[in-house]
Structures are given as structure tokens and as C-alpha cells.
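Below: the structure, in C-alpha cells.
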Protein chains: 2
Amino acid sequence: MPRAATTTDVFNAIAEPRRRQIVDLLARHGALAVGTIVVALGLPQPAVSKHLGVLREVGIVTAAKDGRQRLYELQASQLKPVHDWVKAYERFWTQQLDRIKRRAERKAKERANNPDEKA
Amino acid sequence: MPRAATTTDVFNAIAEPRRRQIVDLLARHGALAVGTIVVALGLPQPAVSKHLGVLREVGIVTAAKDGRQRLYELQASQLKPVHDWVKAYERFWTQQLDRIKRRAERKAKERANNPDEKA
DNA sequence: GTATCATATTCCTATATGGGAATATGTCAA
DNA sequence: TTGACATATTCCCATATAGGAATATGATAC
């Protein structure tokens, strides 16, 4: 079996760096025309259209006609499954940071109590 | 250009549902032998070994020899980039939930004030 | 209608799968 | 050494790209 299609779920859709760039861009600027994205990312227009097609199929973006342009808007809520999954691991690095922080504070306190002691 | 390799970055590595299952399993149970994962997920052993190989290559897991077994341990901190990226979008659905909640509360208050009014 | 602008689609290609089967490697036990 | 056990690797295949080039579609202006 080959790899699952990028259009089957959000995890596959955002595995592509360019698609994440498009998402980021739409998050910063609201709805954008394809041409704007083309200019912003410096990619060929067909490439952008294809990536938008993938994002559209999984629901991460929606398109609205506007004259001869098409405005794409982010539907960020579709990213929630990714957030939910990875959030479960948040504690692993925040704990790590906490440990480092506490150790640093303890060391500082030791230094304060014993100013002449060597490391 | 084909799709990027699953070993190029964490986003690609976790795009595979089975690999996320393995990550979840290791998160719940600490270091596990390959055979344990095979039994837990009901996958063929070579499949599990291959997925572990991908996860190992991007650093999400590490392997330690233990007799004739190999114990795989999660390195959850490697998932931080994913969390960092998607966290930026958290506000989109929490805001949404806030709005829904506020609206529900407002409606409830209205009903309390006008018990006989129709919807 | 015709030319033009904006976007989507099609066709092609090289490549990266993920699964299954078979096999290789490595380790321990007798 | 030999055999059993645990895991990794190799080979093969069907499928899904992502990019480039060319073209199709759709809307607007003239």
C-alpha cells in the first residue's frame, strides 16, 4: 500500500511545507486571491492552485468567487485534530523546561548562600 | 517532484496513522519492545519495525538494546515543532467556543427573563 | 464576439512510499 | 555448534504524489 492520500486527512495535508506556508499566510492576512498567494510565496500559479485544492478538499480552506478572482479563506478549526493530538505531549517539554528552570534557581540560591564556593 | 520523504521531518513522519498509534502507545507505557508493539497494534512485525525505523530517523523514538529485544522509547520533545506550529491556531476554535458559550448563556438569560416568549 | 486576465485542470515524470513475503542478522539457550 | 527467538532488511508492487508545461475554463472589458 502506498502512502495515504494528502486529501484523506489533515495530518497528511499539512505534511507539505508549502501548504503550511499557505495556511500561515491566510492566517495573517485573511482571505486572499490566488494571485496574491502566488506573489507572496513566489511559486508558479498551478502549484499554488493544486496545493489550495488539497487544502480545500480536507476543509482547511474555503473558496469564494469574487469576479474573476477566487478568494481563499482559512478554516482554522479544521486544524484542531492536530492540535488535540500533539497537545497531549506538551507536558513532556514543559516539564523539561520546568526542571531546567528549577535547577537554575536552586543553583542560584546556592551561589547566594555560599558566595566563595567553587563550582 | 514526489512527496517528501517521511524521514525528512516530523510532520511527514506523523502523517501516518499507525505511527501516531505507536507514539501514543509509547507515551502511555514507556519503553516497549517491538514484540509488545506488534501485539498491541496487531500489525505484522516487519511493518512495525519499518515504522519504528521512520520514527527513529526523525528522532521521535530511540532504541536501546536489551538482550535479544530492542526497547523503543519516545522522545516526545521532537514533537514540539508540530505543537508550536499548530498552537498558533488554537485561538481560532477557542474563540469560537467562547462565542458559542456566551451566546448560549445570553439565550438562557433571555429565557429566564421572558419565560412565556416563543423561540 | 474577441482579447485579456485569473484560476483550474490535464498530462507527464521521477520518486517515495506502505504492505506482504521471504530472508538476513543478532542474541540467547542447551 | 545448533536451534529457537526477536528484530531488521530486502524485494516486489500498486499507488500517490509534487512539479513543470501546456491547456482549459470562466469572467470581465472592449
Spacing between [X] atom [atom1] and [N] atom [atom2], to the nearest angstrom:
| X | N | atom1 | atom2 | answer |
| --- | --- | --- | --- | --- |
| A:Ile37 | C:dT7 | CD1 | P | 9 Å |
| A:His51 | D:dA18 | NE2 | P | 7 Å |
| B:Lys50 | C:dT23 | NZ | C1' | 12 Å |
| A:Leu41 | D:dA18 | CG | P | 16 Å |
| B:Asp66 | D:dT7 | CG | C1' | 13 Å |
| B:Arg70 | D:dA6 | CZ | P | 14 Å |
| A:Leu71 | D:dG26 | CG | C1' | 15 Å |
| B:Leu32 | D:dA6 | CG | P | 15 Å |

Result for 5'-nearest mapping on DNA chain C, choosing between A:Leu52 and A:Arg68, is A:Arg68

Most 5' of A:Tyr72 and A:Met1 on DNA chain C, judged by nearest nucleotide =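 Nearest-nucleotide comparison on DNA chain C picks A:Tyr72.
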
Contact summary for [X] and [Y], nearest pair of heavy atoms:
| X | Y | answer |
| --- | --- | --- |
| B:Arg56 | B:Ala63 | CD-CB, 4.2 Å |
| A:Arg18 | A:Leu41 | O-CD1, 4.4 Å |
| B:Trp93 | A:Ala76 | CZ3-O, 3.2 Å |

Under the 3.5 Å rule, do the base of D:dA6 and the side chain of B:Gln45 count as making a donor-acceptor pair?
->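 For B:Gln45, whose side chain was compared with the base of D:dA6, there is no donor-acceptor pair (under 3.5 Å).
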
So which nucleotide from D:dA8, D:dT10, C:dT7 ends up closest to the side chain of B:Arg56?
-> D:dA8

Ring geometry between A:Trp85 and A:Phe11 (parallel below 30°, tilted from 30 to 60°, perpendicular above 60°) | perpendicular

Which ones in residues 2-21 of chain B lie close to DNA chain C, meaning a heavy atom under 4.0 Å from one of its atoms?
->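 Output list: B:Pro2, B:Arg3, B:Ala5, B:Thr6, B:Glu16, B:Arg18, B:Arg19.
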
Under 3.5 Å donor-acceptor, A:Arg19 side chain and A:His51 backbone = no

Give one of base, sugar-phosphate or nothing for A:Pro46, where a contact means two heavy atoms less than 4.0 Å apart.
-> base

Look at all strands and tell whether B:Lys65 reaches a base, only sugar-phosphate, or nothing, counting heavy atoms closer than 4.0 Å.
->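 Touches sugar-phosphate only.
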
CD1/B:Ile22 to CD1/B:Ile14 distance, rounded to the nearest 0.5 angstrom?
-> 13.5 Å

Does B:Val54 belong to the same Ile/Leu/Val/Met/Phe/Trp/Tyr cluster as B:Val38, with side-chain heavy atoms less than 4.5 Å apart forming each link?
-> no

